[in-house]
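Letters A, B, ... mirror the listed sequences (proteins, then strands); counts begin at 1.
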Amino acid sequence: MGLRENLQTEPVSELPLRPVVTIAADRTVRQAVESMQAEHIGCAVIVDDQQKPIGTFTENELVLLLDDCGTGVLNEPVGNHVSPAWAHVTETEPIARLLDEMQTRNVRFVVVCDEQGRARALSGQKGLMEYISEHFSRVVAVQRVDTPEYPESREGA
Amino acid sequence: MSDFTPQQPTADEFKDPLANYEPFVYEDPLERAIGEEPVGTIRHEPFTTIMPSTPIRVAVDLLAGLEIACLMVTDEDNHLLGVFTHRDVLDKVALNFDNLQESPLSDVMTTEAISVHESDSVAAALCVMAVGGYRHVPVLDENEQVVGIVGPQRLTEFLQEKFQQLA
């Protein structure tokens, strides 16, 4: 099947999924940033005591906060600075639904939940690009990138 | 002086050097589009450039005000020196912002940015994102000057246009 059909039929669990960084709402922004730094990921998922997501805190919120308030905001509860729009899907839903959520809500990250609604993983733009490139590995994996447009010296004699 | 006289093959002796050439066969039109259409056909504007001497607080203010995730750092001739992204803010700036905000952007920008040329194929941009792991891919012209930027959102728009064209 082609990419279009696979997006409609394959589940989110087929995407490359990232380990989710979760944090309680009463933790500080600083703690969220430190967790995100440690896991090299741009999103922390704010969860309740049952590990169910109630929002996200992303690099975007961090930039806006620093611009507005400086580092004073780092000691505030992260629950006060939840992303205005965030998205979640279950791992059994089709990938097209994740894509639709990303575009409709204009978000970069999507929280992937299990059937009980608990945050299980993170996906989004990067995972989608990897999934798409796997469909076209014959033309994508062979690319040489970051080479000059023209060779700096002649080859041969 | 050599007495060598090249011998021309006869019509029966001539062997076509391309006799064994097998052109690449695309599995579907979308693969062909990704393999052959240039990056320049993906929407790569608007984009924002900034000088490396700019104070970090100005760069953060630009990211916030323009609601973008990447600034391309260029010299006076619009040649790419690096990028400054949301990830740089998270990793290098956030926890020390008060001390860093007047420092030049060159102290914290990412210098090893991978770029593509507008004549490269869409597959090259996808390779940088998916294989290289870079979300933002600067686009250069043949003079190595910045002419745009592509990312997952713009590439997804390109694919959706192709879905509609090829439906």
Tell me the residues of residues 77-107 of chain A whose non-hydrogen atoms fall below 4.5 Å from those of chain B, in number order. Leu99(A), Gln103(A), Asn106(A)

Taking non-hydrogen atoms and a cut-off under 4.5 angstrom, which of residues 50-72 of chain A neighbour chain B? Glu59(A), Asn60(A), Leu62(A), Val63(A), Leu64(A), Leu66(A), Asp67(A), Gly70(A), Thr71(A)

Give me the contact list for residues 91-107 of chain B versus chain A, heavy atoms only, anything under 4.5 Å, ordered by residue number. Asp91(B), Ala94(B), Leu95(B), Phe97(B), Asp98(B)

Applying a criterion of heavy atom separation less than 4.5 Å, what residues of residues 29-36 of chain B form contacts with chain A? Leu30(B), Glu31(B), Ile34(B), Gly35(B)

Please find the pair of heavy atoms, one from [X] and one from [Y], that lie closest to each other, and give the distance.
X         : Y         : answer
Met129(A) : Thr156(B) : CE-OG1, 3.7 Å
Phe163(B) : Arg4(A)   : O-NH1, 3.1 Å
Val25(B)  : Arg138(A) : O-NH2, 2.7 Å

Among His86(B), Gln153(B), Gln160(B), residue most engaged with chain A (heavy-atom pairs, under 4.5 Å): His86(B)

If you count heavy-atom pairs under 4.5 Å between each of Val89(B), Asp61(B), Leu63(B) and chain A, which one has the most? Asp61(B)

Could you look at [X] and say if it's the side chain, the backbone, both or neither that has a heavy atom under 4.5 Å from chain A?
X         : value
Arg135(B) : side chain
Thr85(B)  : neither
Leu140(B) : neither

Counting heavy-atom pairs under 4.5 Å with chain B, which one of Lys126(A), Met36(A), Arg108(A), Glu130(A) comes out on top? Arg108(A)

Is there side-chain contact between Met129(B) and Gln125(A), with heavy atoms separated by less than 4.5 Å? no

